[in-house]
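The structure appears right after this line, and notes come after that.
As the structure is a prediction and not an experimental result, all values here were calculated from the model.
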Amino acid sequence: LLILGFLLSFRWLVIAVGLVRAYLAKGSYHSLYYSIEKPLKFFQTGALLEEYLLIAKYLTGIVPSSVVLTAFQVMSRVFLTWAVTHSVKEVQTEDSVLLFVVAWTITEIIRYSFYTFSLLNHLPYLIKWARYTLFIVLYPMGVSGELLTIYAALPFVRQSGLYSISLPNKYNFSFDYYTFLILVMISYIPIFPQLYFHMLHQRRKVLSHTEEHRKSE
């Protein structure tokens, strides 16, 4: 698990370095997605395996997170990476893509650093504070980027009929990907507040416990 923590932190550092190098080379933040497209697809797809590992770590008490909410995060990111950003080429130049990529990257670097140092039994307070504080800005930032990207994809999906299946057909089945994307956007309404308030609860519990421990010393 310790080696895994280092590897998972490293993969997001690769994306962070790629973004910074591309920005310095171009002198602009527009269309930076292309500079990290391949590693993002590779690493984010690998997160499907991570979902199962997180469940195992949750059951052993290492990760104080909700498995269901974490699974939603993983699946939504894989969906955004492949079913929206990859599939609808027109949205790849949208600034909203960079918005969620930057939010994901910072969040995951902090999160896996937290896990790694926790396994080493030497967790710096700064990393603990960042883990339970910066999400206050990063989570809404990431969700805003995701929703804006899906919204930007809607007219192109409707025009092209992407992934849609029309009747009549031999399976007697129809599917409208445009409507499905709208339903995905609506699903954020009940799920995101649960994730956000869960993290706020964890923040109060973890940081208040740390402060009490410091005072007792």
Side-chain angles (χ1 to χ4, degrees), residues 12 15 31-34 36-38 40-55 58 63 65-108 111 135-202:
W12 288 100
I15 293 176
S31 302
L32 290 184
Y33 169 77
Y34 299 109
I36 49 85
E37 179 180 6
K38 290 182 179 179
L40 179 67
K41 289 177 179 177
F42 179 76
F43 295 144
Q44 200 59 68
T45 303
L48 291 172
L49 173 61
E50 173 200 336
E51 180 183 339
Y52 294 102
L53 294 172
L54 280 172
I55 292 173
Y58 173 81
V63 182
S65 302
S66 166
V67 172
V68 175
L69 295 177
T70 300
F72 172 78
Q73 271 191 309
V74 172
M75 295 306 296
S76 67
R77 290 179 180 184
V78 174
F79 178 81
L80 255 293
T81 301
W82 287 103
V84 180
T85 311
H86 169 78
S87 300
V88 185
K89 306 295 184 185
E90 292 85 353
V91 304
Q92 293 176 0
T93 56
E94 294 286 332
D95 292 342
S96 58
V97 174
L98 182 62
L99 193 65
F100 71 69
V101 169
V102 169
W104 291 359
T105 302
I106 298 173
T107 299
E108 297 307 278
R111 187 159 71 103
F135 79 89
I136 294 172
V137 174
L138 292 172
Y139 277 22
M141 174 180 165
V143 166
S144 297
E146 293 171 24
L147 290 174
L148 287 171
T149 301
I150 297 174
Y151 181 77
L154 288 176
F156 301 105
V157 170
R158 167 173 272 180
Q159 183 179 12
S160 65
L162 179 71
Y163 299 145
S164 296
I165 302 172
S166 302
L167 289 171
N169 58 65
K170 64 179 181 180
Y171 301 106
N172 196 30
F173 170 80
S174 65
F175 175 74
D176 185 6
Y177 190 54
Y178 177 87
T179 302
F180 177 75
L181 287 180
I182 293 175
L183 292 176
V184 168
M185 294 176 71
I186 294 173
S187 74
Y188 278 72
I189 297 173
I191 296 177
F192 173 69
Q194 291 185 56
L195 176 62
Y196 197 69
F197 287 115
H198 170 76
M199 286 300 297
L200 285 174
H201 174 73
Q202 289 296 112

Considering all heavy atoms, the nearest [X]-[Y] contact:
X: Asn172; Y: Leu167; result: C-CD2, 3.7 Å
X: Val91; Y: Thr85; result: CG2-CA, 4.0 Å
X: Ile15; Y: Ile36; result: O-CG2, 3.5 Å
X: Trp12; Y: Gln44; result: CH2-OE1, 3.2 Å

Spacing of [atom1] belonging to [X] relative to [atom2] belonging to [Y], to within rounding of 0.5 Å:
X: Leu148; Y: Phe100; atom1: CG; atom2: CZ; answer: 10.5 Å
X: Leu138; Y: Ile106; atom1: CG; atom2: CD1; answer: 5.5 Å
X: Phe135; Y: Gln202; atom1: CZ; atom2: CD; answer: 9.5 Å
X: His86; Y: Thr81; atom1: NE2; atom2: OG1; answer: 11.0 Å
X: Tyr171; Y: Ile165; atom1: OH; atom2: CD1; answer: 9.5 Å
X: Thr93; Y: Leu32; atom1: OG1; atom2: CG; answer: 12.0 Å

Above 12 or not: heavy atoms from other molecules or residues under 6.0 Å from CZ of Phe79?
yes

Report, as yes or no, whether the 6.0 Å neighbourhood of atom CZ on Phe197 holds more than 12 heavy atoms from other residues, nucleotides or ligands.
no

Between [Y] and [X], is there a side-chain heavy-atom distance shorter than 4.5 Å?
X: Leu80; Y: Ile150; value: yes
X: Leu99; Y: Met141; value: yes
X: Tyr33; Y: Leu98; value: no
X: Trp82; Y: Thr45; value: yes

Would you mind writing out the side-chain donor-acceptor pairs for residues 175-192 within the sub-3.5 Å range, not counting sequence neighbours?
| residue | atom | partner | partner atom | Å |
| --- | --- | --- | --- | --- |
| Asp176 | OD1 | Tyr178 | N | 3.2 |
| Asp176 | OD2 | Thr179 | OG1 | 2.8 |
| Tyr177 | OH | Ala83 | O | 2.6 |
| Ser187 | OG | Val184 | O | 2.5 |
| Tyr188 | OH | Glu146 | OE1 | 2.5 |

Assess whether side-chain contact (heavy atoms from CB on, under 4.5 Å) is satisfied between Val143 and Tyr196, documenting all intermediate values.
CA-CA 11 Å; Val143 166; Tyr196 197 69; over 6 Å; no

Could you walk me through whether Ser87 and Tyr163 pass the side chain to side chain donor-acceptor pair (under 3.5 Å) test, one step at a time?
CA-CA 9 Å; Ser87 300; Tyr163 299 145; 2.6 Å; yes

Can you list every pair that meets salt bridge (Lys or Arg N to Asp or Glu O under 4.0 Å) and has a residue in residues 85-101, with sequence neighbours left out?
none

